[in-house]
Amino acid sequence: MAPPAPSDFIRDIVAAHVSEHKYPRIHTRFPPEPNGYLHIGHAKSICLNFGIAREFGGICNLRMDDTNPTKEDIEYVESIQADVNWLIGSWAEDRLGLKHSGKAPEAKMMDGKNDFFQPPVFGTSEAERKHSAIKLEPFYASDYFDQIYEFAVALIKKGKAFVCDLTPDQTDEFRRLGKASPFRDRSVEENLDLFTRMKAGEFPDGARVLRAKIIVDAPNIWLRDPLLYRIKTADHHQTGATWRIYPMYDFAHCLSDYIEGITHSICTLEFEVHRPLYDWILESLDLARPLPHQYEFARLSLGYTVMSKRKLMQLVEEKLVTGWDDPRMPTICGIRRRGVTALALRNFAYNIGITKYNGITDVSVLEHAIREDLNKRSHRRLAVLRPIKVVITNYPEGKVEELNAINNPENPISGGRKVPFSRELFIERDDFAEVPPPKFFRLKPGGEVRLKYAFIIKCDEVIKDAAGNLVELRCTADLDSKTGGATSARKIKGTIHWVSAAHAVDAEVRLYDRLFTVAEPDADGDFKKHLNPRSLEVITAKCEPSLKEASADERYQFERLAYFAVDKDSAPGKLVFNRTITLKDAWAKEAQKG
RNA sequence: UGCCCGAUGGUGUAACGGUAGCACAACAGACUCUGAAUCUGUUUGUCAUGGUUCAAAUCCAUGUCGGGCAACCA
């Protein structure tokens, strides 16, 4: 059942533009800087931008916002593509705007004006792209360095930009005071000459910048003659050593949007104060086509995690996690490795909505979206995480029965399988209590419990070693109580999972929990102090034999425990499962009360 | 400090001058060969004070609180 089409203030604006035919086509973009891995906050933005594209018959370009070569790396360019492709999958991949590899913007005349346009290629699937001879790639802001440079020259010629020789500190000081730079009134000729020489690499880093000439004492700091270009003697991951000057975000972003024909440039709230500058640049250039406009929404903050690239980088570099794709990380690749599906993530993004209010979303909303999806798709399996041995004393030694088990009660067509039953079994340690707490309806001395898909058993004897440790339970089965049997209808309050000891296969199971112990780890500025020391526990579980064939494409529910996915470390003969998320546990809650 | 933005149950959101609704969470119950799922029910809310209006969560004013920006980062 597809959720109803989402509605929020940005979609309302887009819908109004569609009904008044303001643009020939709605065109959004997702523009990460390739300086880190994408996280769940980016997922919100991806779902918004691609969601709008698919709901309004538009396109969403993937663009690398790569104007600062010293912070960026090709590693990130690649991970971003993988993460976006995974998240939008069959949902919106046909809305993904890409371009032919190496293609530069088309130069043309429009209304007697020079115009640059970089059209999208769209409507392909990831599989098609992989096998096609025609290679496509994302857009890059760095593809437009030539055009952006031309726009800067045009601005200089209009007397709207100047080369400034102030040091960074002086610039800062002057801007704070609302004072004009002494270089503000340089002639167009001198500005052109200096800017050309900046481009040629004649000056060292920091020596000069290109600045917009707007209002030196504007109330909005971003209008106080902001920087447009800086000198950076650094090679770029896409353009190599071609450039020694690089445009600033504010100059590059609006122009990149324009060149790609973006109509709705959606970003997070912190760019709100930049919007007048975004508009000023585009308007000052007297451009040929309809201008893009910027809209802002609140970024996602999620409880029990941190989201900033700086902090995630710290976790990785200080080896507090195993990498960017550690299943405890809020990165898209981490969440994916944990076993969460793209659909669950998209549903989550849908559920939290889009507003301008900065709130903290409760993790339980994410967890609910994950469980809801996994409940529908997971194959049920029997596995015992912390085994204790049970001997069925009235069951013949050497006898093995293959019992029928259902793969997924939520989905009848998923069929069933056989699980072997024998005299010696494992059950969960938590499913037995020698001194049962109130309302405990699992196994206890003298008590009865149903073994799922098998018999009702009664605990006759508790065997302990000399130190008093539990060694095994000796039980008798009601041999007529097997599913379908004469006494199978007997009402027994508790049903527990089990595995035949002789048939069990061992698997490494990684039990992941929240990375932090508090909802706002960075509230006191020291997020590492709140790392959860028990965020990962690795155990060896006893699994039913069918799990030997577990597939990385499937999801599993170990009955009564949790949802699991096969980890990439898994290999034939060495099963590794990640616990994606536990089942809800009403008993744990009840037991705590007591 | 200046500029910008925001404020609806515990949390996230809807209501676009006309019955404050939804989801998560919580609680209670039904059902259960998963203490899951499912089903039923319950609790909890318009930041404050004025104003406009037949009618205000919604419009206006003031205040309070919260967030953002003030990088040769994005």
Side-chain angles (χ1 to χ4, degrees), chain A residues 7-9 12 31-33 35 65-68 70-72 141 164 166-168 171-172 175-176 178 205-211 218-224 226-232 245-246 248-250 252-253 267-276 296 298-300 303 309 350-369 371-372 375-376 380 382 405-406 409-410 439-442 449-454 456 481 483 488-497 519 557-563 582-591:
Chain A
S7 163
D8 53 66
F9 76 100
D12 289 348
E33 184 188 17
N35 68 345
D65 204 7
D66 55 349
T67 57
N68 185 0
T70 55
K71 288 193 173 178
E72 298 156 9
C164 180
L166 254 25
T167 65
T171 310
D172 212 45
R175 289 185 76 195
R176 208 176 55 245
D205 290 15
R208 292 182 221 269
V209 295
L210 183 72
R211 290 230 251 164
N220 183 343
I221 306 270
W222 289 102
L223 263 16
R224 320 245 265 226
L227 276 66
L228 266 23
Y229 265 93
R230 77 286 215 188
I231 300 170
K232 248 183 212 288
I245 55 173
Y246 292 94
M248 301 286 291
Y249 162 82
D250 287 290
H253 203 93
C267 61
T268 44
L269 246 25
E270 66 269 27
F271 294 101
E272 231 166 359
V273 287
H274 294 239
R275 196 193 324 132
E296 309 88 10
R299 65 164 67 246
L300 169 69
K309 273 181 194 165
Y350 168 78
N351 286 338
I352 58 177
I354 300 290
T355 64
K356 299 183 79 154
Y357 175 73
N358 275 304
I360 297 175
T361 298
D362 201 304
V363 262
S364 66
V365 181
L366 207 214
E367 292 171 345
H368 174 260
R371 288 193 181 105
E372 187 182 44
N375 178 48
K376 285 181 206 148
R380 314 291 128 128
L382 299 180
I406 295 163
E410 304 285 326
K439 296 187 194 169
F440 184 86
F441 44 83
R442 278 116 98 142
V449 79
R450 166 164 304 272
L451 297 177
K452 178 90 180 183
Y453 303 125
I456 295 166
S481 66
T483 309
S488 69
R490 280 175 59 203
K491 291 289 174 204
I492 297 294
K493 190 66 177 164
T495 300
I496 64 172
H497 58 280
Q557 184 200 95
F558 293 180
E559 289 212 45
R560 302 206 310 128
L561 296 169
Y563 295 101
T582 61
L583 254 35
K584 285 219 256 180
D585 190 352
W587 166 241
K589 231 183 247 180
E590 181 65 39

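Below, chains carry the letters A, B, ... as their sequence lines are ordered, and counting in each starts from 1.
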Looking only at heavy atoms, which two atoms of A:Glu33 and A:Asp65 are closest? And how far apart?
CG-O, 3.4 Å
Given the structure, check if the side chain of A:Arg442 and the base of B:G35 hold any donor-acceptor pair shorter than 3.5 Å.
yes
Candidates B:A74, B:U34, B:A7 - which lies nearest the side chain of A:Met248
B:A74
Assess whether one donor atom and one acceptor atom, taken from the side chain of A:Glu410 and the base of B:U38, lie less than 3.5 Å apart.
no
Under 4.0 Å between a side-chain N/O of A:Arg230 and OP1 or OP2 of B:A74, yes or no?
yes
For A:Lys439, does the NZ atom have more than 12 heavy-atom neighbours from other residues, nucleotides or ligands under 6.0 Å away?
no
Once you apply a heavy-atom cut-off of 4.0 Å, does A:Ile360 come out as touching a base, just sugar-phosphate, or nothing?
sugar-phosphate
From CZ of A:Arg224 across to C1' of B:C3 the rounded distance in Å is 9 Å
From CD of A:Glu367 over to P of B:U11, roughly how many Å is that when rounded to an integer?
18 Å
When Watson-Crick pairs (N1 to N3 and N6-O4 or O6-N4) and G-U wobble pairs (N1-O2 and O6-N3) count only below 3.5 Å on both distances, what is the dot-bracket string of RNA chain B, with | for other-strand pairs?
(((((((..((((....[..)))).(((((.......)))))....(((((..]....))))))))))))....
Can you pull every protein N or O that's under 3.5 Å from an N or O on nucleotides 24-28 of chain B?
unit_1, atom_1, unit_2, atom_2, d
B:C24, OP1, A:His368, NE2, 3.2
B:C24, O2', A:Ser364, OG, 2.8
B:A25, OP1, A:Lys584, NZ, 3.4
B:A26, OP1, A:Lys589, NZ, 2.5
B:C27, OP2, A:Lys589, NZ, 3.4

Would you indicate, yes or no, if B:A74 has its OP1 or OP2 atom less than 4.0 angstrom from a side-chain nitrogen or oxygen of A:Thr67?
yes
Ion pair A:Glu272/A:Lys356, N-O distance below 4.0 Å:
yes
Contact under 4.0 Å: A:Arg560 side-chain N or O vs B:G35 OP1/OP2:
yes
Nearest non-hydrogen partners of A:Gly303 and A:Ile360, listed with the distance:
N-CG2, 3.8 Å
Of the listed nucleotides B:G12, B:G35, B:C3, the one nearest the side chain of A:Phe441:
B:G35
Is a donor-acceptor contact shorter than 3.5 angstrom present between the side chain of A:Thr483 and the base of B:C33?
yes
Are A:Lys309 and B:C73 close enough that a side-chain N or O sits under 4.0 Å from OP1 or OP2?
no
Selection from B:C73, B:U34, B:A36 that lies nearest to any side-chain heavy atom of A:Ala586:
B:A36
B:A15 and B:G45: how far apart are their C1' atoms, nearest whole angstrom?
14 Å
Going through the distances and angles, do A:Asn68 and A:Lys232 end up as a side chain to side chain contact (heavy atoms under 4.5 Å, CB included)?
CA-CA 9 Å; A:Asn68 185 0; A:Lys232 248 183 212 288; 3.2 Å; yes
When all nucleic acid strands are considered with a 4.0 Å heavy-atom cut-off, which category describes A:Asn351: base, sugar-phosphate, or nothing?
nothing
So, do A:Ser488 and A:Arg450 sit near enough that their side-chain heavy atoms are less than 4.5 Å apart?
yes
Between A:Asn220 (CG) and B:A70 (C1'), how many Å, whole number?
9 Å
Passing candidate, side chain to side chain contact (heavy atoms under 4.5 Å, CB included) with A:Ile496, options A:Glu559, A:Arg560, A:Lys452:
A:Arg560
Measure all distances between protein nitrogen or oxygen atoms and nitrogen or oxygen atoms of nucleotides 14-20 of chain B, and list the pairs falling under 3.5 Å.
unit_1, atom_1, unit_2, atom_2, d
B:C16, N4, A:Asp12, OD2, 2.9

With respect to the phosphate group of B:C33, does any side-chain polar atom (N or O) of A:Lys491 fall under 4.0 Å of OP1 or OP2?
yes
Checking the side chain of A:Arg299 only, and the main-chain atoms of A:Glu270 only, is there a donor and an acceptor separated by less than 3.5 Å?
no
Considering all heavy atoms, the nearest A:Trp587-A:Arg442 contact
CD1-NH1, 3.1 Å
Would you please determine if the base of B:G35 is stacked by A:Trp587, with stacking meaning a centroid separation under 5.5 angstrom and planes under 30 degrees?
yes
A:Arg380 near the nucleic acid: base, sugar-phosphate alone, or nothing, with a heavy-atom cut-off under 4.0 Å?
base
